[in-house]
Amino acid sequence: RIVGEAREDGLTGEAAKVAYYFFLSIWPLFLGLFAFTGIFGGEPAFEWIMGWVQKLLPEAPTRFLERYVREITEQSRPDMLSLGVVLLLWSGSSIFTALADGLNTIYDIGEGRTWWRKRLLALGLMAAASILLTGGASAILVGEGIVESLGLSDLYNLARWPVAFVLLTALLWLVYYFLPNRDQDMSKRYVAIGAVTGSTLWVLVTTGFHLYVTHFGSYGRTYGLVGAMLVILIWLYLTALAILFGGEVAVSLEQGLHEDG
């Protein structure tokens, strides 16, 4: 039933639209982050950023970004910081407006909110996403030296992945609860189930993407940066599809149980 509803709602097309905004927001994020570290960071900031980038991207775009990051972090660029923040706010919030459109399609409802209310809601969720995703990434990648000094290494290794999963699920719950143009007070249980489903699917997609990137060297040498960007686009598309499918699960469960009742 869920798969059938997803096909009727054109979920693959909605996911493509969200992935487009995901992709557009990556570069303003890099621009703002790199310019910011140019003011405060220097070489340590460069090493820290590139450590994250190397965990996410194949070899070809990593080499390209390494030259770009080093150029910016070696000097103060407040003008680029201002431009990066403006672009990031607009393109990043567009991800959530696109998700709102997709979820409205899933719920079979129209968009009755004014554009500025919808944009403010998207900005608020973008801020929440920044906090929750940073917390999840920090739980996985940061703080090992601190916990080792406290003698909590075993507990940290056991808890960091569940903590990151819970934070991601909380973010998806906020997305499914606030973005659709309807009252979700009676749907909190279904929204929670959809958030867990979406998070699980995203973990599976990301794990598969990481395994693929591990064996991506031949494609990078053949197609270079273009091939690497295509792989990133595919991953972003699958990410958007996992998020929207979680919303489809919530809707189908709610409608199915109401019909049975």
Exercise for the section: Mind checking side chain to side chain donor-acceptor pair (under 3.5 Å) for Trp115 and listing every partner two or more places apart, or none if nothing turns up? Expected result: none
Problem - Closest contact, heavy atoms only, Ala240 versus Ala15 - result: CB-O, 3.4 Å
Practice task
List the atom of Leu11, the atom of Leu241, and the distance in Å for their closest heavy-atom pair.
Solution key: O-CD1, 4.0 Å
Practice task
Give, for atom CG of Leu179 and atom CZ of Phe96, the distance between the pair rounded to the nearest 0.5 Å.
Solution key: 7.5 Å
Problem - Least distance between heavy atoms, Ser93 atom then Ala122 atom - result: O-CB, 3.3 Å
Exercise for the section: Enter the distance from Leu233:CG to Phe23:CZ here, rounded to the nearest 0.5 Å. Expected result: 4.5 Å
Handout entry: Spacing of Ile95 atom CD1 and Tyr21 atom OH [to the nearest 0.5 Å]
Key = 10.5 Å
Handout entry: Tyr20: ring pair (Phe, Tyr, Trp, His ring centres under 6.0 Å) partners, not counting sequence neighbours
Key = none
Practice task
Flag yes if Val191 and Val166 sit in one hydrophobic cluster, no otherwise; membership is Ile, Leu, Val, Met, Phe, Trp, Tyr, and two members link when side-chain heavy atoms are under 4.5 Å apart.
Solution key: no
Practice task
Applying side chain to side chain contact (heavy atoms under 4.5 Å, CB included), name anything that partners Leu168, two or more places apart in sequence or on another chain.
Solution key: Leu133, Ser199, Trp202
Exercise for the section: Step by step, work out the side chain to side chain contact (heavy atoms under 4.5 Å, CB included) result for Thr239 and Val18. Expected result: CA-CA 9 Å; Thr239 296; Val18 175; over 6 Å; no
Handout entry: Non-hydrogen atoms of Ala195 and Trp173 that approach each other most closely
Key = CB-N, 3.7 Å
Exercise for the section: Kindly determine whether Tyr176 and Ile243 satisfy side chain to side chain contact (heavy atoms under 4.5 Å, CB included), including the steps that lead there. Expected result: CA-CA 9 Å; Tyr176 299 151; Ile243 294 173; 4.0 Å; yes
Completion exercise
Sorted by chain and number, sequence neighbours left out, side chain to side chain contact (heavy atoms under 4.5 Å, CB included) with Leu174 holds for Leu125, Ala128, Leu132, Phe178
Fill in the blank from the handout: Sequence neighbours excluded, the answer for side chain to side chain donor-acceptor pair (under 3.5 Å) partners of Gln184 is Tyr107, Arg182
Handout entry: Partner residues of Thr105 under the side chain to side chain donor-acceptor pair (under 3.5 Å) criterion, sequence neighbours left out
Key = none
Exercise for the section: Would you please say whether a donor-acceptor pair under 3.5 Å links the side chains of Glu5 and Ser252? Expected result: no
Contacts under 3.5 angstrom, residues 97-104 side chains, donor-acceptor by atom type, not counting sequence neighbours:
from	atom 1	to	atom 2	distance (Å)
Thr97	OG1	Ser94	O	2.8
Asp101	OD1	Lys118	NZ	2.5
Asn104	OD1	Asn181	N	2.9
Asn104	ND2	Ala100	O	3.3
Asn104	ND2	Glu111	OE1	2.9

Practice task
Indicate, with yes or no, if Leu253 and Ile109 share a hydrophobic cluster defined by side-chain heavy-atom contacts under 4.5 Å among Ile, Leu, Val, Met, Phe, Trp and Tyr.
Solution key: yes
Exercise for the section: Please identify each residue that fulfils side chain to side chain contact (heavy atoms under 4.5 Å, CB included) with Thr197, with sequence neighbours left out. Expected result: Ile193, Leu201, Val249
Exercise for the section: Flag yes if Val205 and Ile234 sit in one hydrophobic cluster, no otherwise; membership is Ile, Leu, Val, Met, Phe, Trp, Tyr, and two members link when side-chain heavy atoms are under 4.5 Å apart. Expected result: yes
Exercise for the section: With sequence neighbours excluded, tell me which residues meet salt bridge (Lys or Arg N to Asp or Glu O under 4.0 Å) with Glu14. Expected result: Lys17
Problem - Spacing of CD belonging to Glu248 relative to CZ belonging to Arg7, to within rounding of 0.5 Å - result: 12.5 Å
Fill in the blank from the handout: side chain to side chain donor-acceptor pair (under 3.5 Å) filter on Tyr177, not counting sequence neighbours, yields Asp185
